[in-house]
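What you see below is based on every heavy atom in this structure, not just the backbone, and it leaves out hydrogens, waters and symmetry mates. The structure presented is a predicted model; accordingly, all values stated were derived computationally and were not measured. To find a chain, count down the sequence lines: A is the first, B the second, and so on, and within it residues start at 1.
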2 protein chains.
Amino acid sequence: MSTSDATGATALGRALRPRTKLLPEHARGHNRSLVLQTLFREGARSRADLARDTGLTRVTVSDLVAELIADGYVVELGQREDPRPGKPATLLDIARDAHQIIGVDLSQHDSFRGAVLSLDGEVVHRREVPLDGATGDDALAKATALTRELVGLAAVPVLGIGVGSPGIVDPAGRVQSAPNLGWAGVDLQGALAAATDLPVVVANDANVAALAEHSFGGASSDVMLVKIGHGVGAGLVIGGIALHGSRWAAGEIGHVVVGTDGGPECVCGKRGCLETWLAAPRLDAALDAAADDAARSEVLAQAGRRLGIALAPVVGALDLAEIVLSAPAHLLDGPLPAATLETLRSRTMAEFHDHVALRGSGLGEDIVLRGSAALVLAGRLGVS
Amino acid sequence: MSTSDATGATALGRALRPRTKLLPEHARGHNRSLVLQTLFREGARSRADLARDTGLTRVTVSDLVAELIADGYVVELGQREDPRPGKPATLLDIARDAHQIIGVDLSQHDSFRGAVLSLDGEVVHRREVPLDGATGDDALAKATALTRELVGLAAVPVLGIGVGSPGIVDPAGRVQSAPNLGWAGVDLQGALAAATDLPVVVANDANVAALAEHSFGGASSDVMLVKIGHGVGAGLVIGGIALHGSRWAAGEIGHVVVGTDGGPECVCGKRGCLETWLAAPRLDAALDAAADDAARSEVLAQAGRRLGIALAPVVGALDLAEIVLSAPAHLLDGPLPAATLETLRSRTMAEFHDHVALRGSGLGEDIVLRGSAALVLAGRLGVS
DNA sequence: CTTTGTTCGTACGCTTTACTAACAAACATG
DNA sequence: CATGTTTGTTAGTAAAGCGTACGAACAAAG
């Protein structure tokens, strides 16, 4: 039979169920993305290079490239300088200046942030509006106004608008639940699309941050991003695919109880939630209350250990390769990450998990903004 | 552009990176599996029914069905009895008697088990060989002999051989590490393929069990199976896809430390590993030592609570919908599952996770055998 | 300066795939 | 019996990618 090779080399990983029909045109879209992706990640190359990289023939690559050039996503750079035998190659690259992306970060406690970004995820313009305690429709109006202003700032056509929102966001971009903003069932994607007449993608802030690490932070294909801010959330990329969970609540680990020895009381009513140990306001308060450097150091180490306790079962269950922490810099500079890693190792099987890497994010405060750009790139171009 | 709809309805879930080229013939394989899958899960139907179910046209379905009939995977059952207007439909079904599957379960502590199964995953013949402490090449020889015997028992052509092995199994079917069997880097799949000249698929026992629940146990597309036996392992199916982890060690939660209050010493050197609370031998010993029913009940409740503690972060991070326990019946009859669920709920956010279902597996001792069949069905026919 | 070999990009024809349109067969219903 | 409905098949068509072949452009060697 033709579905599988005769040796049965298919393993668990391919145990996926086809749910929808797959047409040749879908295959073309896939290959188109493949070409674009190669160009995006590997940089300028020739058609022949792309053919070698993708496994497609030169003919097919030429055809796809012609389409991409016609659509304005790819440009010819001219001949390659490098003197080699044979006809000189014509270098191609993504038309990095032909489009820009709008990124919006609604995850800050007291303000909405947004930016115009290049296709490479570099911030070109930046805007921030204070939230002033706005919730519900007021907050939605502020987000809409910010987005419109950013669209006006773009110098070239906007490829799309990416938004990282707190709370539970369903695949249609509706914010099902974001208590801090007083949102429940708010069709944020629809509202922004109507206001701007542009493609909009909305996703949870931590998930978006994970995508940023995957696209721009050099993270592997199995990474968990833990985002410490006013609350604690996480985003997961498994096998290069962002996880969304059965109810689109994947990564909501802030109110998981850590340890079996009680802990501080949480707003949710439980004791010892991860947020009570790790949320930035709580940590800052504890740091302020600490008597000296040693005490401050212990506060951070304790937080790190708690995070390690919470992550150990996840690392074990998922066999994660990489964990990235995103938090205000002063929280990551101290002993927190080391304590997390140490705890993680002491609580999992060294044989399997001593290769786990844990590091702070290099993307800083722009992680959600850049992740929003990655979201648009993924949704519109299939690039990630 | 054509890669995505103009409204940007693509969300996080589609943020996947194309890595390999996709040819029209791959699309055909996909659609072929789609037809086969519909037939497999929904039962006998006509070509026109299949066209409606899959979204393909009647013409295309006819073409695919003709190919499947020629290959012996589908048969015509005759005309539908149900009197309806129009030309009577010709019912089709999977050729359920045309092939059988060999399933092998190497996860028992003291024996290797195997079976000849129907395509529906029903056990037709069963064989078991005592392990007698065999390890290394001896164990491999026993597994090979068992498999060969089973192939001889099959009355019809064998679709393939599925194997659930303890330890770390890579995608090529090599057992990278199975301490109990003394295996390290053993090419089990290659050895069995060479011995039988049939397609072989090998995977971790708990992962195979998870697949069994997904295919035959009615589990949803986001399920975690926890397998309690001589050790404790887990298998995860996320979004209908089996998870394998960055080093093919997904689900290895047996040696994750549970709680922050110490615990029994483990063979791995740590204290309080999940296995020390939950492994069947440990639990049986504790039950034997218990003074009365109340004490025995508390032993099981304690084990359940520990499992809940370990699972809470995983449920939170993955937003799991369903957890299935596979264990000797006498361990699941008592208060263990209820204690796990209760602990899980008290340690996660009710708002998100009160819908989590936890239940014992209905597949009993054959779970790995039937999962092996599912593995073959998935690998060979794209059915799962 | 010429020859040789290499590489690049493209033109042409072919195969595969799934679609639309049309139709005959077979049945229920009025 | 006429009519409408459903089924499955037979054309013919459009899209996608491949293999082959070819001209163009260059480096290296004689």
Novice: Test side-chain contact (heavy atoms from CB on, under 4.5 Å) on B:Glu67 and B:Arg28 and set out the steps.
Specialist: CA-CA 11 Å; B:Glu67 190 180 301; B:Arg28 184 166 178 92; 2.9 Å; yes
Novice: With a 4.0 Å cut-off on heavy atoms, is B:Val59 in touch with a base, just the backbone sugar-phosphate, or nothing at all?
Specialist: base
Novice: Determine the contact category for B:Arg80: base if any of its heavy atoms lies under 4.0 Å from a base atom, sugar-phosphate if only primed atoms, P, OP1 or OP2 are that close, otherwise nothing.
Specialist: nothing
Novice: Identify the 5'-most and 3'-most nucleotides of DNA chain C with at least one atom closer than 4.0 Å to a non-hydrogen atom of chain B.
Specialist: C:dT17 to C:dA28
Novice: Taking the side chain as every heavy atom from C-beta outward, state whether B:Asn31 and B:Thr54 have any atom pair closer than 4.5 Å.
Specialist: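 Contact flag for B:Asn31/B:Thr54 side chains = no.
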Novice: Heavy atoms under 4.0 Å, any strand shown: does A:Asn31 hit a base, just sugar-phosphate, or nothing?
Specialist: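 Sugar-phosphate contact only.
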Novice: Start at the 5' end of DNA chain D and walk down; is the nucleotide closest to A:Lys87 or to B:Glu76 reached first?
Specialist: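 Between the two, 5'-proximity favours B:Glu76.
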Novice: From the options A:Arg52, A:Arg45, A:Arg47, select the one residue that forms a salt bridge (charged side-chain N to carboxylate O under 4.0 Å, His left out) with A:Asp49.
Specialist: A:Arg52
Novice: If each of A:Pro85 and B:Gly55 is mapped to the nucleotide of DNA chain C with the nearest heavy atom, which maps nearer the 5' terminus, i.e. the 5' end?
Specialist: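 Its nucleotide being nearer the 5' end, the pick is A:Pro85.
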Novice: State, without any angle test, whether A:Ser220 and A:Glu322 hold a side-chain donor-acceptor pair at a distance under 3.5 Å.
Specialist: yes
Novice: Give a yes/no answer on whether the side chain of A:Thr57 brings an N or O atom under 4.0 Å of OP1 or OP2 in D:dG17.
Specialist: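 Checking A:Thr57 against D:dG17: no side-chain N or O falls below 4.0 Å of OP1 or OP2.
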Novice: Looking at B:Arg47, does any N or O in its side chain come under 4.0 Å of the phosphate oxygens OP1/OP2 on D:dT9?
Specialist: yes
Novice: At under 4.0 Å, does any side-chain N or O of A:Arg28 touch on OP1 or OP2 of D:dC18?
Specialist: no
Novice: It should be established whether A:Thr60 places a side-chain nitrogen or oxygen under 4.0 Å from OP1 or OP2 of nucleotide D:dA16.
Specialist: no
